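In what follows, a single structure is set out as structure tokens and then discussed.
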Amino acid sequence: MKRPPVIVVVGHVDHGKTTLLDYIRKANVASREVGGITQSIGAYEVVHPSTSSGNNERMTFIDTPGHEAFSKMRRRGANIADLAILVVAATDGVQQQTKEAIKMLQETETPFVVAINKIDSAGADEQKVKNELMQAQVFLEGFGGNTSWQAISAKTGKGVSELLDLLLLAADLEELTYDPAAVASGYVLEGKRDGKKGIVATVILKDGTLKVGDMIQTGTVSGKIKILENFLGERVDELTPSSPARVLGFEALPTVGAEFHAAKALEAIMRVIAKAPERVVKQRLAEGEAELNLILKADVSGSLEALSGIMKSLPHPPELRVAVISESVGDITDGDVKDAIGHHATIIGFRTQATKAAEELARAQRIDIVQSEIVYDLVKAIEERLKIKAREKSLGILEILAVFGRKGKAQIIGGKVTEGEIKNNAELEVTRGEVLLGSGKIINLQHQRVDAPVVVAGKECGLLFDAEIEVKVGDRLVMR
Ligand code: GDP
């Protein structure tokens, strides 16, 4: 069945995003008798009489301010918005955040309509905006491109109805549909703890039918829908896409941007999740390179939540960034290990087991898995790794590529300096994976078979290394 579009408004600060969202809401929200406009829950629905179809069409607008929430979600792969309005003030033109928004829309392939705003203003210069948009690679309809646009005043409402028409046309091109009988799914827009009500989450439904009494689950938290409200705060028994919904009944705070699934029986949800483990179970919580990447696994959502909280608030040296790459409930699988390989991450298992395949892969790829039934032990283990990382920071690191044998007490090793520099006669620590094994001393250092006082990053070297520990290929020697 046809599904109404979910629309987000993006653009530079002060260009009129909030004003536009307010205008659209005031002018189009259907049941105005329900105490006027209720408090915003992060999204609202409007009904707009389409000039092309003649029908009253539904549309959902996300009114979380700015594009921050949206881009955060997009980075996590959440397809929460189907369309966007790019607002550009005619008084101000294309600005920094306009460009950022354009980049994000293009990267995420989100169809958008341009709203040239504030045309009621004395300083409005529509033509200038069009030229600047062209320079920013946005080619407008009628000017050699096919991006729809509309001159508007969010203040007076001029052009806004036409803008909504354009959005409906853009939505038609997307052929948005849903299956009323499918397991319900969508995205978490907001979540908060309410003193009286418990956890209150706003979600946007994108498939299926959401019903009171359904079991509901994100990658990290679960619950049962005790109360379902529409965006006006009215209690309802069920909702269909693309409605915003207020859900009471999550056991813990769900992550913003998380995908959820809901159905009468948990088994039905699990079947869907099992089919899409990449999308659902592993919600990415942090982006970018960090010194210590963690993948968290726990037996139940409650303990996962606790573990996550502790790991994120671990004290660590300021120059070290710790990032939780993903967190999910269940055993440690080879999929988790593959993720860890991709991110050079450490897997932390709290009251979980690792599957045989996971263990084997981890061993082969030297992925560090730390498991315990006791949080304190996990914290200790991570602190230990952070210490190693901190030491690594300022130093030289040598990766061992070959162990040739012994000469007296010393081991003959070949390796490559991967960071900083390594000096002859230096004391080096031996680390395997993330574990510190001990230390030793270089008694001879050679580069291209010639004695060298120092070997720098990128260069290979041979060395005589005096240490109690037997070093192995893949170990790292770290200079303080
Ligand atoms: P946002 O930061 O993009 O959400 O921008 P706002 O909606 O808060 O608008 C910033 C300022 O521009 C406010 O003072 C609005 O009253 C004003 N504004 C927004 N739209 C219009 C418009 O169409 N015409 C005029 N004259 N002012 C507008």
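Note that this is a predicted model, so its numbers are computed, not measured. Counting starts at 1 for both ligands and their atoms, in listed order. Just the heavy atoms: all of them, side chains too, but no hydrogens, waters or symmetry mates, feed the values below.
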Of Thr346, Val370, Leu307, Ile347, the one forming a side-chain contact (heavy atoms from CB on, under 4.5 Å) with Leu294 is Thr346

The side-chain contact (heavy atoms from CB on, under 4.5 Å) partner of Arg3 among Leu205, Thr60, Asp179, Asp82 is Asp82

The answer for which part of Ala154 has a heavy atom under 4.0 Å from ligand 1 is both

Using a strict 4.0 Å cut-off to heavy atoms of [X], name the atoms of ligand 1 that fall inside it.
X      : value
His12  : 3 (O)
Val13  : 2 (O)
Ser121 : 26 (N)
Lys17  : 1 (P), 2 (O), 3 (O), 4 (O), 5 (O), 7 (O)

When you measure from the side chain of Lys128 to the backbone of Thr91, do you find a donor-acceptor pair of N or O atoms at a distance under 3.5 Å?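 Looks like no, no N/O pair under 3.5 Å.
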
With a sphere of 6.0 Å drawn around [atom1] of [X], does it hold more than 12 non-hydrogen atoms of other residues, nucleotides or ligands?
X      : atom1 : answer
Asp194 : CG    : yes
Gln353 : CD    : no
Lys158 : NZ    : no

Which protein heavy atom lies closest to [atom], and at what distance to 0.1 Å?
atom                    : result
atom 9 (O) of ligand 1  : Thr19 OG1, 3.5 Å
atom 27 (N) of ligand 1 : Lys155 CD, 3.8 Å
atom 4 (O) of ligand 1  : Thr18 OG1, 2.4 Å
atom 2 (O) of ligand 1  : Asp14 N, 2.6 Å
atom 26 (N) of ligand 1 : Asp120 OD2, 3.0 Å
atom 18 (N) of ligand 1 : Lys118 CE, 3.6 Å
atom 20 (N) of ligand 1 : Asn117 ND2, 3.2 Å
atom 5 (O) of ligand 1  : Gly16 N, 3.1 Å

- Query: With a 4.0 Å cut-off, strictly under, does atom 13 (C) of ligand 1 pick up any protein heavy atom?
  - Reply: no

- Task: Kindly compute the distance separating CG (Leu210) from CZ (Phe260), expressed to the nearest 0.5 Å.
- Result: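 One gets 5.0 Å once the value is rounded to the nearest 0.5 Å.
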
For Ile7 and Met59, the nearest pair of non-hydrogen atoms, with its separation, is CD1-CE, 3.8 Å

**Asked** Do ligand 1 and Ile119 have nitrogen or oxygen atoms that lie under 3.5 Å from each other?
**Response** no

Exercise. Would you call Lys224 and Asp214 a salt bridge, using N to O less than 4.0 angstrom?
Worked result: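 A salt bridge is absent here (no side-chain N lies under 4.0 Å from a carboxylate O).
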
